[in-house]
Amino acid sequence: MNAKNQIKILKRVFSVLVFCCVFTISASAHTLWVNCTDYVPNYLPGSGAKTKIYIGWGHHFPVDSFVKAEDFTDIDILEPSGKHERVSLETTGFAAKQLSLKEEGLYVIAVTRKDAYNTSYRENGKVVLTKGTKEGRKDVVSSTYSQQFAKSLVLSGNGNANNLSHAFGHKLEIIPLTNPYAITNNRGGEMILKVLFNGKPVQHKKVYAMYEGYSNDDAASCTVSTDEKGIARLRIDHWGVWVVKTKLELPASEAMKEKVNQENYFASLTFSVP
């Protein structure tokens, strides 16, 4: 084999390795969810109820990697009466927040993580990874914009769930249409959800769900697709805490194409089934 052919083969091998490296980074991206110490806290007239929220981040539900309070731009608590309360996570230890639930009924917690830019490019024969856009970079391998959203449902006592399907306006959002705390058959009950992107239904999109204890990684115990109206129907076959996830990976929009090649959005919903 002559030197030119050897160089060609080495270049092909290098390209494959770069692709695998970038694919692995993309495939192993951490995901976001909201945990609660108690999803159905006991409500006492005059004193209310209490729970603590803390952020899940990684691949191992319910607890994996640490996060920082400054990683999040917005934490919105929708109370049963329809009032919104904005809170901040504690800055020491776990990124968590003790909630005092003064009303009886369903609370919806909505969290937005700071957006992120990630770019990889070749420089001097090496692949360089940077937290930034592709602007000014040559020989770009991959460049993505990503944003993650998470919601959780907490039932304080036995009050109403009129705010169950409130849309917070997240870029990608899972809207629950079924109150999970009213599901009486956890061996065949149904949880109905709607997936929205920019406020519009997302058709034929995979939705993944898992109950706590099913798997030590990202394996789903239930996978369904949304229909033409963005509706997904999950079969609830186990009691306890559940996480539902979905994601969108899109070519860069007209507004973003100078900065990145791809846009990634992720949304999750946690709740408990009696």
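A quick note: this is a predicted structure, and the numbers were derived from the prediction, not measured. These numbers come from the heavy atoms of this one structure, side chains and all, not from hydrogens, waters or symmetry mates.
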Answer yes or no: is there a side-chain heavy-atom contact under 4.5 Å between [X] and [Y]?
{"X": "Ser142", "Y": "Asn118", "value": "no"}
{"X": "Thr178", "Y": "Ile183", "value": "yes"}
{"X": "Leu106", "Y": "Phe271", "value": "no"}
{"X": "Asp218", "Y": "Phe61", "value": "no"}
{"X": "Ser215", "Y": "Met210", "value": "yes"}
{"X": "Pro180", "Y": "Trp242", "value": "no"}

### Chi angles and distances behind the salt bridge (Lys or Arg N to Asp or Glu O under 4.0 Å) call for Lys257, Glu254
CA-CA 5 Å; Lys257 67 179 184 179; Glu254 189 67 26; 2.9 Å; yes
Is it true that [X] and [Y] fall in one hydrophobic cluster, defined by side-chain heavy atoms closer than 4.5 Å?
{"X": "Ile77", "Y": "Leu153", "answer": "no"}
{"X": "Tyr54", "Y": "Val243", "answer": "no"}
{"X": "Val241", "Y": "Ile53", "answer": "no"}
{"X": "Val224", "Y": "Tyr214", "answer": "yes"}
{"X": "Leu177", "Y": "Phe149", "answer": "no"}

### Task
Go through the steps to decide whether Ile231 and Ile192 satisfy the test side-chain contact (heavy atoms from CB on, under 4.5 Å), and finish with yes or no.
CA-CA 7 Å; Ile231 303 295; Ile192 305 174; 3.6 Å; yes
### Task
With Arg113 as the cation and Trp57 as the aromatic partner, state whether NZ or CZ is under 6.0 Å from the six-membered ring centre and within 45° of the axis.
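Checked: cation-pi criterion met.
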Main chain of [Y], side chain of [X]: is a donor-acceptor contact present, judged purely on distance under 3.5 Å?
{"X": "Asn35", "Y": "Pro62", "answer": "yes"}
{"X": "Thr119", "Y": "Gly132", "answer": "yes"}
{"X": "Ser268", "Y": "Val244", "answer": "no"}
{"X": "Tyr43", "Y": "Lys102", "answer": "yes"}
{"X": "Asp227", "Y": "Lys229", "answer": "yes"}

Taking atom types as modelled and ignoring hydrogens, do the side chains of [X] and [Y] form a donor-acceptor contact shorter than 3.5 angstrom?
{"X": "Asn264", "Y": "Tyr145", "result": "no"}
{"X": "Thr226", "Y": "Gln203", "result": "no"}
{"X": "Ser100", "Y": "Lys50", "result": "yes"}
{"X": "Ser81", "Y": "Glu103", "result": "yes"}

### Message
Would you call the rings of His30 and His59 parallel, tilted or perpendicular, taking 30° and 60° as the class edges?
### Response
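Rings of His30 and His59: perpendicular, over 60°.
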### Message
Once you measure the plane-to-plane angle for Phe168 and His84, does it fall in the parallel (<30°), tilted (30-60°) or perpendicular (>60°) bin?
### Response
perpendicular
#### Entry: Heavy-atom neighbours of Lys247 NZ exceed 12 at 6.0 Å
no
### Message
With a sphere of 6.0 Å drawn around CG of Asn158, does it hold more than 12 non-hydrogen atoms of other residues, nucleotides or ligands?
### Response
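Counting other residues, nucleotides and ligands, CG of Asn158 stays at 12 neighbours or fewer.
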### Query
Under the criterion side chain to side chain contact (heavy atoms under 4.5 Å, CB included), which of Arg233, His204, Lys206 is the partner of Ser225?
Lys206
### Salt bridge Asp71-Lys114, side-chain N to carboxylate O under 4.0 Å
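No, this pair does not count.
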### Message
Looking at Glu173 and Lys151, is any side-chain nitrogen of the basic one under 4.0 Å from a carboxylate oxygen of the acidic one?
### Response
yes
### Task
For Leu193 and Leu269, run side-chain contact (heavy atoms from CB on, under 4.5 Å): C-alpha distance rounded to whole Å, both residues' side-chain angles, the deciding distance at 0.1 Å, then the answer.
CA-CA 10 Å; Leu193 311 159; Leu269 175 72; 3.8 Å; yes
### Task
May I have the step-by-step check of side-chain contact (heavy atoms from CB on, under 4.5 Å) for Val195 and Leu172, ending in yes or no?
CA-CA 7 Å; Val195 179; Leu172 181 64; 3.9 Å; yes
Which atom pair, heavy atoms only, marks the closest approach of [X] to [Y]?
{"X": "Asn179", "Y": "Ala161", "result": "ND2-CB, 3.6 Å"}
{"X": "Asn163", "Y": "Val108", "result": "O-CG2, 3.8 Å"}
{"X": "Val40", "Y": "Asp38", "result": "N-OD1, 3.0 Å"}
{"X": "Glu104", "Y": "Ser156", "result": "CG-O, 3.2 Å"}

### Query
Are Phe197 and Tyr265 close enough that their ring centers fall under 6.0 Å?
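Ring centroids of Phe197 and Tyr265 are less than 6.0 Å from each other.
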